[in-house]
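Step one of this worksheet: look at the structure below.
Throughout, protein chains are lettered first and strands after them, A, B, ... in sequence-line order, and every chain is numbered starting at 1. A quick note: this is a predicted structure, and the numbers were derived from the prediction, not measured.
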Amino acid sequence: MSANKPEYQSPESLFDRLDPLLTQVSKPIQYVGGELNARSKDWDSVPVHWALMYPDAYEVGLPNQGVQILYEVLNERSDALAERTYAVWPDLEKLLREHGVPQFTVDGHRAVGAFDVLGVSFATELGYTNMLTALDLAGIPMHAADRGDEHPIVLGGGHAAFNPEPISDFIDAAVLGDGEQIVGAITEVIAAHKAAGSPGGRDELLVRLAETGGVYVPRFYDVSYVLDGPSAGQLASVRPNRDRVPERVSKHTVMDLDEWPYPKTPLVPMAESVHERMSVEIFRGCTRGCRFCQAGMITRPVRERSIEGIGKMVESGLAATGFEEVGLLSLSSADHSEIGPLAKQLADRYEESRVSLSLPSTRVDAFNIDLANEFSRNGRRSGLTFAPEGGSERLRRVINKMVSHEDLISTVTAAYSQGWRQVKLYFMCGLPTETDEDVLEIATMAQDVIRAGRTATGSRDIKATVSIGGFVPKPHTPFQWAAQAAPEVVDSRLKKLRDAINSDRSLGRNIGMRYHDGQPSLIEGLLSRGDRRVGAVIERVWRSGGRFDGWSEHFSYQRWLDAADAVLPAHGVDIGFFTTRERDADEVLPWDHLDSGLDKQWLWDDWQDALTGYEQDDCRWTPCFDCGVCPTMGTDIQVGPTGRSLLPLAAATPKR
Amino acid sequence: MARRQPEGPPPAPIVQRIRVQYAKRGRMRFSSHRDFARAFERSLRRAAVPMAYSAGFHPHPKISYVGAAPTGVGSEAEYLEIALAERCEPADVIAAIDAVLPDGLDMVLAVDVLDAPPGSLPDQIQASHWRLELADDPAVLVEAVAELMRHESVMVDRLTKDGKRSIDARAAIVTGIVSAGTEDQSRAIIELVVRQATPAVRPDDVLAALTSVAGFAPSQPPRATRLAQGPLSENGAVGDPLRITTVKDTGTPVSTR
Ligand code: SF4
């Protein structure tokens, strides 16, 4: 390590410089690292150094499974180390600037600029401005084009990276899909390039990454736009601009989750975080085919972890953390082919201990209640959540969420009569083809739920909560062509719904309603389906102070509108072009060159089926419906039942 | 709907109580008391300490804490008491806990209550010994502390969750000694012995008092550490609250009082 590197690129610990600043900020513990199961490796012992960022506050970022998995996978390698960095709150940002202290990792308190790679995991697009803060604080040029050999490769990942075009000015590269294997492949490319004396510098390194076919380097693709005619403003084409770079970049899919039992030793935050529990992912992917759900579409096919694999992860994770709660995570956990035996056997195993198990599942059926009962043997039957998502049966056919009114009522009746005290119902507002009437049916549903609960229990004291999120059309889903509802439309429907719920006071007072207003959804929509022209909007918002856009107290709708108005008209487009405009079949979409495996024609057909209310079955239980993923990606569904069971534990509780 | 009652046998009875001294060092001094308490409770589970629990749906391990050092302040002498449902060797208990706590949250000493001085743990905590390191000229601090000690009482405002609160930062001070840093003579060290009061007077209250009486403002945030807390002897020394010993005479403090 050359001693004369500027401090923003030195891996020396900055802790002594940070220390006096930390006494002046709120919750300083979030910046100091040293959590249980945190790793620290000697800088000079490995050739490749990764800084992993979750671009939100520590309390949100630390529990993120994606970052924890990659942190462990990379640190287990003999050729890499990984340290974590999170978004700093404005109080510390101000002090870092005043004192010239760069963005740092919480593990070794090293300058982020010293690393070879800055990997940023985007669960949501609303983290984009926080990435810009981190780049700026790190002394890394904000625009990828201005970076030199001495700067880290800024690499985007996470679900939002399936359309990284809006941040293509700021990132050097993006990877799509599961990260476990590709981070290793990237490490090897970087190590080999370094070992060879970095021939061709940064540019050559990026070409080497791009030519693997699994790393998207935006600068190697030229985008052109339609200049006139009815489709003026739309994309004309996205073409590679040099040899060795593929036409399309593919997502990554890890097969056999049992071989990737991460995180093995989950991080235990010192500061309070959003989840005070440990998570075990029981399967990945989902083929229920809810048309609004990007996560379900881009993570196909379904790959289950085996019942033994899950049992082992629960056991060793609890021993490594001291957590008291285990969440069995996936996109729809009740769908695991052996969830019944798994739930029963885990509940048996931990019955005598203080460990509680939870299963985030919102399926509307009696089986879901059986599972919840299994996990609440000790009597904690507080609340159950069901997600019909759409207010009317017609709308539920449009979104492919097959739940009838009768299903819901019989399910909640069963829940209340088995001692559950509160039922929570999830819906979305602003779905394609939605009318006021569809949304008002939510009120009827909620009132019927209360009536059913009163009948089932003989008590008037029955509670239900209705939670409503704004729908945002996402890339790589059948709704990628849909017009997003304007915030005013969403807000007015929600107001009418509120009035309808309260119209019958004797029922209405037992119904809680939670919702967000429509404005943040529109901005999320702009960032989700935007193209490269949206980058300047993000930068302008950041320059005018935009930070922590996922937090309502920091988010400013007006700031985003002003920036969009200032930037987009020069390109002949506006915010509506990206959000409330319906797209045609033949429009070139900004993410068409990024391959999620889903066949564009299949997505279009599914979109047309949605408009006619035609439902699509799940390929786990009915024949393959040719969404395209398995043949394109060379993958296969991996589901049980295996008929196996949990291995007996030597001792159910830690030894005394 | 039948109301569900707590199930299972009543909680196991308490068979032993252990008093523990622990330290908050290095970067862990930035943990708040809540942060520490969460980490400590997790470590009890990981170390499989046979804790006694409260009854009810959400049983809590029986732990009582005394006067925790503020967030950002280090400490060599924090105290708590735990209740056990099985008899254990106190030293083994804290060794097991220490092995599973993050570095910097360190278990120091444990004694069975029966071997500790009589009375409750809070009864033993009569005063606290603080050390403040400042990047300022010792001579200036000698003057400022002398000025503070000339007052009987100096009221300062402290911002709390419920607004401003006015407390007397002077009356609780038993001794205040200024010296120059051993490594860096241009840095000042203030050692304070502060009598336990409600609310407790903390290092930043004393600094606020120095600002108020002598116009002193630290050039950088000082680094504060609690060196000891415990019984207060006649000569102003702070003793060990876990051991039955006559308070050791640490020499007559060169008091500016
Ligand atoms: S290709 Fe067929 S089997 Fe594979 S996820 Fe799509 S529909 Fe299911």
Checking B:Arg45 side chain against A:Gly322 main chain: does a donor-acceptor pair fall under 3.5 Å?
yes
Side chain, backbone, both or neither of A:Glu324 within contact of chain B (heavy atoms, under 4.5 Å):
both
Given that the side chain runs from C-beta out, which part of A:Val106 has a heavy atom under 4.5 Å from chain B: side chain, backbone, both or neither?
backbone
Which residues share a salt bridge (charged side-chain N to carboxylate O under 4.0 Å, His left out) with B:Arg223, sequence neighbours left out
A:Asp19
Chain B contact residues among residues 32-42 of chain A, heavy-atom distance under 4.5 Å
A:Val32, A:Gly33, A:Gly34, A:Leu36
The reported gap from CD1 in A:Ile29 to CZ in B:Phe36 (rounded to nearest 0.5 angstrom) is 11.5 Å
Nearest 0.5 Å, please: how far is CG in A:Leu21 from CD in B:Gln220?
9.0 Å
Among A:Ala319, A:Ala456, A:Pro269, which has the most heavy-atom pairs under 4.5 Å with chain B?
A:Ala319
Is the shortest side-chain heavy-atom distance between B:Ser32 and A:Lys27 below 4.5 Å?
no
Show your reasoning for whether side-chain contact (heavy atoms from CB on, under 4.5 Å) applies to A:Val268 and B:Arg46.
CA-CA 12 Å; A:Val268 182; B:Arg46 279 194 76 208; over 6 Å; no
Is it the backbone or the side chain of B:Leu44 that comes under 4.5 Å from a heavy atom of chain A, or both, or neither?
neither
Is B:Thr71 close to chain A through its backbone or its side chain, or both, or neither, when contacts mean heavy atoms under 4.5 Å?
side chain
Tell me, side chain or backbone of A:Phe15 under 4.5 Å from chain B's heavy atoms, or both, or neither?
side chain
Neighbour count above 12 (heavy atom, 6.0 Å) for B:Glu183 CD
no
Relative to chain A, which segment of B:Val100 carries a heavy atom at a distance below 4.5 Å: side chain, backbone, both, or neither?
backbone
If only atom types and distance count, is the side chain of B:Arg42 paired as donor or acceptor with the main-chain N or O of A:Thr321 below 3.5 Å?
no
Within a radius of less than 6.0 Å around CZ of B:Arg34, do more than 12 heavy atoms belonging to other residues, nucleotides or ligands occur?
no
On a heavy-atom basis, which atom in B:Arg38 and which in A:Met270 lie closest, and how many Å separate them?
NH2-O, 2.8 Å
Within 6.0 angstrom of B:Asp103 CG, more than 12 heavy atoms from elsewhere
no
Any residues in residues 91-105 of chain A near chain B, with a heavy-atom distance under 4.5 Å, and which are they?
none
Contact residues of residues 199-217 of chain B (partner chain A; heavy-atom separation under 4.5 angstrom)
none
